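Structure first, then comments.
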Amino acid sequence: MTENVSNLWLKQWLFYSLKAQMVSQILTNKQLSRLSHLQPSTPFIIGISGAQGSGKSSLAVALQQLWSGLGVQAEVVSLDDYYLEPAQRLKRAGLWHPLFAERGVPGTHDTELLLSQLQGFKRAEPQHWRRYDKGLDKVATATSATEARLLILEGWCIGLKPQSDTELQQSINELEQQQDPDALWRYKVNQQLAGDYQLVWQELDHLIWLNAPDWQAVCRWRAWQEQPLQQLGRGKSPAQLEGFMLYFQRLTQESWRQLPQCADFILELDLQHNFIRLTPDEQVVDG
């Protein structure tokens, strides 16, 4: 298959797979079944971007399971799996800014390792994907290597480009006002985003964006995620979670400005966390 045909296959494969998340799979399985027999040998990396609590991990698993039922093997890895461990973050906190002790923002991931593995995957080299235990805050056992040719990489800031220096000058929340009044932290985050993260994004063949309605919905959905842990006495308190979300607010709000222009597929969510619209439509994909 030529490269153009391979790319068209992936575009159609993703469209009907995403459509299956919104309507009965019976309506899309015919197209997916046909495409499953045409899968190229080319390795593809699909990015899923979206704010915290938007359902990135759930969508990635749903797609993986759907594809497995059609005989198409895929692997899933999260940007979170490449967090630096506490000692490494504390080193950066000492060198750069104390806020880097908290994991999450650009500058708190092992992007060098992730980029190396993505490039290896593109060369059809089986990978042992890293796993991170966020409860214990340390690297966990890696996955077994497989012969999968589809990889889903999901993460909250995937696809984002750095902001301009002018945009960084004005603080947007209490965290920035009180703990980063001179903007050193956000300038360093921006500098990190401009580096290896952009090289990671360049390895993506297609980007899916989960478009949340607004920042309030994002905070509410993230609170829903924390409830099971809170019931076990292990989650963040509401006050802790409110403060934690402030680390992500700047780039999450930036995603509403940037990603409509660069995402290949946009799944729009309503306030109840339901998928209500998929862009582009079928005519564009099949045309």
Side-chain angles (χ1 to χ4, degrees), residues 1-23 25 27-28 31-32 34-36 38-51 54-67 70 72 74-79 114-115 118-119 121-122 148-162 193 197-213 251-270 274-287:
M1 302 177 77
T2 67
E3 182 179 359
N4 287 340
V5 172
S6 296
N7 289 337
L8 178 60
W9 177 89
L10 181 62
K11 188 175 183 180
Q12 293 177 342
W13 179 253
L14 290 177
F15 173 80
Y16 289 109
S17 297
L18 294 172
K19 196 73 173 177
Q21 309 308 308
M22 302 178 62
V23 299
Q25 288 187 15
L27 301 176
T28 56
Q31 292 284 8
L32 287 172
R34 175 183 64 83
L35 289 167
S36 69
L38 301 174
Q39 182 187 5
S41 59
T42 309
F44 288 118
I45 302 175
I46 301 113
I48 298 179
S49 186
S54 60
K56 301 178 299 296
S57 299
S58 297
L59 176 61
V61 170
L63 292 176
Q64 184 185 38
Q65 292 175 346
L66 172 63
W67 297 344
L70 293 162
V72 176
E75 295 176 331
V76 175
V77 66
S78 172
L79 185 63
L114 176 57
L115 179 61
L118 295 179
Q119 292 171 339
F121 178 81
K122 282 292 188 72
R149 288 292 174 266
L150 292 181
L151 173 69
I152 298 172
L153 174 65
E154 59 92 356
W156 74 278
C157 62
I158 287 178
L160 285 175
K161 297 178 181 179
L193 181 60
Y197 289 83
Q198 297 306 305
L199 299 179
V200 169
W201 308 162
Q202 288 173 19
E203 296 298 323
L204 303 177
D205 294 287
H206 278 288
L207 177 63
I208 300 164
W209 178 44
L210 302 185
N211 181 16
L251 287 179
T252 298
Q253 292 181 335
E254 181 66 13
S255 71
W256 284 304
R257 188 178 71 85
Q258 291 189 20
L259 294 188
Q261 282 71 51
C262 65
D264 299 288
F265 295 95
I266 299 175
L267 270 174
E268 188 172 341
L269 294 92
D270 64 14
N274 300 309
F275 295 137
I276 57 173
R277 187 175 297 107
L278 172 62
T279 306
D281 61 23
E282 191 167 356
Q283 287 183 331
V284 174
V285 172
D286 288 341

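Basis for what follows: all heavy atoms, side chains included, without hydrogens, waters or symmetry-related copies. The chain is numbered in sequence order, starting from 1. Computed from a prediction, not measured in an experiment: that's the story for all the values here.
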With E203, which residues qualify under side chain to side chain donor-acceptor pair (under 3.5 Å), at least two apart? none
Given side chain to side chain contact (heavy atoms under 4.5 Å, CB included), test N7 with K11 step by step and report yes or no. CA-CA 6 Å; N7 289 337; K11 188 175 183 180; over 6 Å; no
How long is the gap from OG on S17 to CG on L59, to the nearest 0.5 Å? 9.5 Å
Would L269 and F275 count as a side chain to side chain contact (heavy atoms under 4.5 Å, CB included) if you check the C-alpha gap in whole Å, the side-chain angles of each, and the deciding distance to 0.1 Å? CA-CA 5 Å; L269 294 92; F275 295 137; 3.8 Å; yes
Quick one: side chain to side chain donor-acceptor pair (under 3.5 Å) partners of Q64, sequence neighbours excluded? none
All side chain to side chain donor-acceptor pair (under 3.5 Å) counterparts of Q198, not counting sequence neighbours: none
Does anything in residues 148-157 form a salt bridge (charged side-chain N to carboxylate O under 4.0 Å, His left out)? List the pairs, not counting sequence neighbours. E147-R149
Between the CG atom in L118 and the CH2 atom in W201, the distance rounded to the nearest 0.5 Å is 10.0 Å
Any non-hydrogen side-chain atom of L207 less than 4.5 Å from a side-chain atom of L259? yes
dist I48:CD1 -> L18:CG (nearest 0.5 Å) comes out at 7.5 Å
Nearest heavy-atom neighbours spanning W256 and A212: NE1-O, 3.0 Å
Rounded distance [0.5 Å steps], CD1 in I46 versus CG in L63: 8.0 Å
For residues L70 and L32, report the shortest heavy-atom separation together with the two atoms involved. CD1-CB, 3.6 Å
Could you tell me which non-hydrogen atom of C262 sits nearest to which non-hydrogen atom of G159, and how far apart they are? SG-O, 4.2 Å
Would you call T279 and F265 a side-chain contact if the rule is heavy atoms closer than 4.5 Å? no
Do Q258 and K161 have side chains that get closer than 4.5 Å, going by heavy atoms? yes
For E268, enumerate each residue passing the side-chain contact (heavy atoms from CB on, under 4.5 Å) test, keeping only those at least two apart in sequence or located in another chain. N211, I276, R277
Would you call L278 and K19 a side-chain contact if the rule is heavy atoms closer than 4.5 Å? yes
Beyond-backbone contact of W156 with L251, side-chain heavy atoms, under 4.5 angstrom: yes
Quick one, L114 and L79 - any side-chain contact, counting heavy atoms below 4.5 Å? yes
side-chain contact (heavy atoms from CB on, under 4.5 Å) with S54: which residues, sequence neighbours excluded? K56, L210, W221
Pairing residues for E75 by the salt bridge (Lys or Arg N to Asp or Glu O under 4.0 Å) criterion, not counting sequence neighbours: none
For V72 and S36 the tightest heavy-atom approach is CG2-CB, 4.0 Å
Quick one: ring pair (Phe, Tyr, Trp, His ring centres under 6.0 Å) partners of W13, sequence neighbours excluded? W9, W67
CG/L150 to CG/L14 distance, rounded to the nearest 0.5 angstrom? 8.0 Å
Those residues that, when tested against D205, pass side-chain contact (heavy atoms from CB on, under 4.5 Å) (two or more places apart): L10, F44, I45, K122
